[in-house]
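Every chain is numbered from 1 and lettered A, B, ... according to where its sequence line falls, protein lines coming before strand lines.
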Protein chains: 4
Amino acid sequence: MTTEQRVRQAALELFAARGFHGTGIRDLAVSAGLSSATLYHYMGTKEDLLVAIMRESLTRLNRAAARIAETEDAQDRLAKLVALHVMTHAVQQLETRVVDNEMRALSPQPRKEILKLRDEYEAFWQQAIENGCAQRRFHTNAPGVARLALLEMCGGISRWYSPDGPLSLDDIVLHYIDMALGMLHAQPEPGQRVVNEVAGLIAEIWPQ
Amino acid sequence: MTTEQRVRQAALELFAARGFHGTGIRDLAVSAGLSSATLYHYMGTKEDLLVAIMRESLTRLNRAAARIAETEDAQDRLAKLVALHVMTHAVQQLETRVVDNEMRALSPQPRKEILKLRDEYEAFWQQAIENGCAQRRFHTNAPGVARLALLEMCGGISRWYSPDGPLSLDDIVLHYIDMALGMLHAQPEPGQRVVNEVAGLIAEIWPQ
Amino acid sequence: MTTEQRVRQAALELFAARGFHGTGIRDLAVSAGLSSATLYHYMGTKEDLLVAIMRESLTRLNRAAARIAETEDAQDRLAKLVALHVMTHAVQQLETRVVDNEMRALSPQPRKEILKLRDEYEAFWQQAIENGCAQRRFHTNAPGVARLALLEMCGGISRWYSPDGPLSLDDIVLHYIDMALGMLHAQPEPGQRVVNEVAGLIAEIWPQ
Amino acid sequence: MTTEQRVRQAALELFAARGFHGTGIRDLAVSAGLSSATLYHYMGTKEDLLVAIMRESLTRLNRAAARIAETEDAQDRLAKLVALHVMTHAVQQLETRVVDNEMRALSPQPRKEILKLRDEYEAFWQQAIENGCAQRRFHTNAPGVARLALLEMCGGISRWYSPDGPLSLDDIVLHYIDMALGMLHAQPEPGQRVVNEVAGLIAEIWPQ
DNA sequence: CATGAATGAGTCTTCATTCAT
DNA sequence: GATGAATGAAGACTCATTCAT
């Protein structure tokens with residue numbers, strides 16, 4: 001692991017655990033094993049670090065979502081988005097927590113950029129839901145509310161998931177798919193196939 | 001409004017908007033219309049302010065949840081919890097955002113107290129779900145996961161609800177009840193009655 | 001002397017002696033007898049301090065020059081400007097050194113303001129010179145060059161004048177008037193009357 | 001241009017524009033097109049750079065002044081000094097600005113050396129003035145004041161001269177000679193001959 | 001010859017808090 | 001009750017300089 005990566009990792013852990021404003025430059029330095037002056041060889045400002053983390057996380061998410069958007073079957077498509085969201089929020093827990101909680105710490109310009117990425121991502125969900133409604137596979141009077149509810153529900157896992165828990169991640173994802181389809185009054189869906197497929201996609205986009 | 005309430009209100013707004021660490025004592029003073037020295041006549045430390053906000057919010061929530069826990073019918077009970085959670089997160093938006101986001105800013109001792117209150121509240125949900133499963137009104141293999149998913153889903157509204165939006169709060173709550181019951185594969189439920197009842201309860205516990 | 005004035009005085013002395021960039025906040029604090037945190041009760045930023053010093057000095061200078069501009073006789077008028085410039089640069093040595101040397105330390109916005117004040121002042125000189133040329137009392141082919149040369153010559157005194165020197169300030173001023181008129185090939189001028197008059201004006205505008 | 005010269009040039013430009021304390025090592029590195037570590041192959045400390053610039057400028061000036069000091073005719077001699085001072089301050093603008101403004105940035109030891117050089121230079125002026133007074137070609141009661149005034153007046157050109165201005169440098173120098181002789185109540189002097197002579201001298205001492 | 005890495009001391013400024021008045 | 005004054009510690013960040021490679 002390069003020093004730059006160690007700095008990034010330290011930022012990731014601390015921003016996730018204490019928040020951007022709760023993390024001092026010295027905390028970062030200690031956590032990366034550097035003096036606080038040396039830190040500045042490997043980063044721009046503290047905010048740059050935050051932006052980089054968010055940008056990368058959202059960019060990858062969007063790349064995956066774009067691939068999923070090609071799925072024809074409406075139920076499959078939503079199930080895949082659920083699997084993607086749940087699995088990344090479980091496994092990329094730190095990144096997603098930072099993305100979800102620290103937006104307000106951004107100054108106007110980077111905030112604009114990051115918000116755009118997030119809106120892009122949410123658009124994939126909105127389209128998937130509306131598409132399913134149009135095909136009469138989903139039933140809801142308020143697709144916008146459903147989108148928000150789904151995203152919150154599926155993203156929440158980043159706050160509690162642990163690989164040491166009693167349920168396997170696959171099982172959890174299957175539950176979430178089940179709940180999500182239930183929320184939209186769609187037909188239940190076996191799901192394991194979807195999970196496998198998305199797991200492959202994730203492995204491709206978040207290598208190693 | 002007493003000066004103390006003004007201070008509390010200022011803290012509420014700023015902690016919700018910028019986070020605990022993102023809010024300075026001077027910001028509070030300006031927002032409350034006081035000098036920062038005077039502020040200390042009406043509060044203890046900055047953290048005390050945070051604890052007080054969280055404690056009050058969770059205590060009231062628990063009081064309401066305890067009343068709802070008396071409801072016999074399992075579907076009614078869950079629907080009421082959903083209504084309570086959604087409505088408070090919509091209307092007491094600032095308080096709930098602070099409770100949900102700033103826990104990590106607490107130092108160990110107060111954190112323990114607040115976590116206990118939150119666990120208490122979550123227990124009402126866990127019991128309601130398990131009770132419904134036992135009565136075969138809900139169907140899920142992972143009630144714990146369902147609880148977490150439900151809470152995240154219903155609480156997320158604090159991040160986007162505005163009274164000026166296109167949907168009335170009642171409508172939104174009905175949607176959430178519908179989605180929640182769908183998630184648990186329960187029978188759909190008309191719901192408006194439940195909404196009215198919980199609205200009354202809320203009016204009683206959060207007076208005015 | 002109020003604390004605020006002590007801070008101002010410290011800034012004046014240090015900026016004059018070491019320059020803006022050569023003066024640290026700690027130097028200011030030590031010199032004012034305060035901790036560097038306390039310093040910030042009495043000032044904005046370090047630059048604010050610089051701007052305030054410059055603004056006041058130039059504003060007063062302009063007020064005095066405006067009064068002198070009413071003088072009808074061309075030679076009198078120029079002699080008075082010389083007396084004003086020399087005397088202030090001798091007695092308000094620190095202020096004028098700061099004004100003359102630290103302009104480049106200003107950031108764009110305040111620089112604009114201060115430059116405007118300085119241009120205003122130089123305009124009084126330009127008019128006085130051109131007026132004398134028009135009346136055929138002064139003889140020069142390049143009034144602009146003369147203005148610049150006069151200002152530099154008369155302002156340079158701030159770099160070496162000391163009240164303990166062998167010549168009285170009045171004598172020095174008389175010499176300067178003599179040299180200035182010589183430069184412009186004007187009739188020599190007794191001058192003491194002018195010096196007295198300007199001394200009165202200065203006492204009025206820089207009270208005490 | 002060797003790398004060392006590029007470093008020197010960068011220092012010259014930056015010290016002149018922003019002052020010694022306003023110029024960082026990194027600024028120098030960027031301006032010289034080197035990394036800040038490489039910079040140290042071509043220089044000692046930042047202060048060494050400043051001293052070298054000052055020393056060279058003053059040494060050359062003294063060499064030229066020494067040659068001029070051989071001039072017999074008092075008026076010629078002063079006119080040549082004026083021409084030398086004005087022309088170098090116009091053409092070697094950056095060097096002379098640094099010499100005139102950054103003396104205070106020197107630490108005691110180098111300051112002593114540089115001050116000695118400057119005093120040496122001023123002595124040529126003092127002698128020229130006193131010589132002219134003794135010969136009754138100049139008339140002033142305070143030759144010391146006249147020297148200071150002359151030097152400030154003639155040196156000020158470094159703050160505003162540009163080869164793109166409306167007047168040729170020769171014309172400006174002629175004006176300055178005229179003003180200088182006027183200040184000393186000497187006979188006017190045609191001057192162009194003097195200018196040409198000094199221009200030759202300068203070309204010899206500041207080659208290229 | 002060149003530089004990435006490193007740093008202790010420094011930069012200006014703000015922090016939460018106390019206290020005498 | 002209210003506040004101006006005060007501060008040690010900390011905030012993010014830059015400084016001039018060294019050195020191993």
Point to revise | Whole-Å gap separating P (dA16(F)) and CD (E47(D)) | key: 13 Å
Study note, to complete from the structure: In short, R159(A) meets D100(B) closest at the heavy-atom pair NH1-O, 3.9 Å
Exercise for review: Send over the distance from Y40(A) OH to dT11(E) C1', rounded to a whole Å.
Suggested key: 12 Å
Tabulate atom names and distances for all N/O pairs under 3.5 angstrom spanning the protein and nucleotides 7-10 of chain F.
unit_1: dT7(F); atom_1: OP2; unit_2: T38(C); atom_2: OG1; d: 2.8

Practice item. For DNA chain F, determine which residues of residues 1-17 of chain A have any heavy atom closer than 4.0 angstrom to one of its atoms, and list them numerically. Key: none
Point to revise | Residue pairs passing the salt bridge (Lys or Arg N to Asp or Glu O under 4.0 Å) test where at least one lies in residues 30-58 of chain B, sequence neighbours excluded | key: R8(B)-E56(B), R55(B)-E113(B), E56(B)-R60(B)
Exercise for review: Treat a base pair as Watson-Crick or G-U wobble with both distances under 3.5 Å, then lay out DNA chain F in dot-bracket form, 5' to 3', with | for cross-strand pairs.
Suggested key: .||||||||||||||||||||
Review point. Rounded to the nearest 0.5 Å, how far apart are OG of S35(D) and NE2 of H41(D)?
Key: 8.5 Å
Check your understanding: L28(C) versus L49(C): any side-chain heavy-atom pair under 4.5 Å?
Key -> yes
Practice item. Answer with base, sugar-phosphate or nothing: what part of the nucleic acid does I25(C) contact at a heavy-atom distance below 4.0 Å? Key: base
Check your understanding: Is Q109(A) close to I114(A) at the side-chain level, that is, under 4.5 Å between some pair of heavy atoms?
Key -> no
Exercise for review: Could you check H21(B) against F20(C) and say which one's nearest nucleotide on DNA chain E is further toward the 5' end?
Suggested key: F20(C)
Point to revise | Side-chain heavy atoms of E95(A) within contact of L58(A), under 4.5 Å | key: no
Check your understanding: Between T23(D) and D27(A), which has a closest nucleotide on DNA chain F that is more 5'?
Key -> D27(A)
Atom pairs and distances, side-chain donor-acceptor, residues 9-22 of chain C, under 3.5 Å, sequence neighbours left out:
unit_1: Q9(C); atom_1: NE2; unit_2: E13(C); atom_2: OE2; d: 3.0
unit_1: R18(C); atom_1: NH1; unit_2: D27(C); atom_2: OD2; d: 3.4

Point to revise | Test item: R118(A) and L115(A) side chains (from C-beta on) under 4.5 Å apart, heavy atoms | key: yes
Review point. Under the side-chain hydrogen bond (donor to acceptor under 3.5 Å, both in side chains) test, which residues partner R97(B), sequence neighbours left out?
Key: Q93(B)
Review point. Would you call Y40(D) and I25(D) a side-chain contact if the rule is heavy atoms closer than 4.5 Å?
Key: yes
Exercise for review: For the residue pair M54(C) and L106(C), establish whether any side-chain heavy-atom pair is separated by less than 4.5 Å.
Suggested key: yes
Point to revise | Sugar-phosphate only, base, or nothing, as touched by Y42(C) at under 4.0 Å among non-hydrogen atoms | key: sugar-phosphate
Point to revise | Rounded distance (Å) that lies between atom P of dT13(E) and atom CG of L28(C) | key: 10 Å
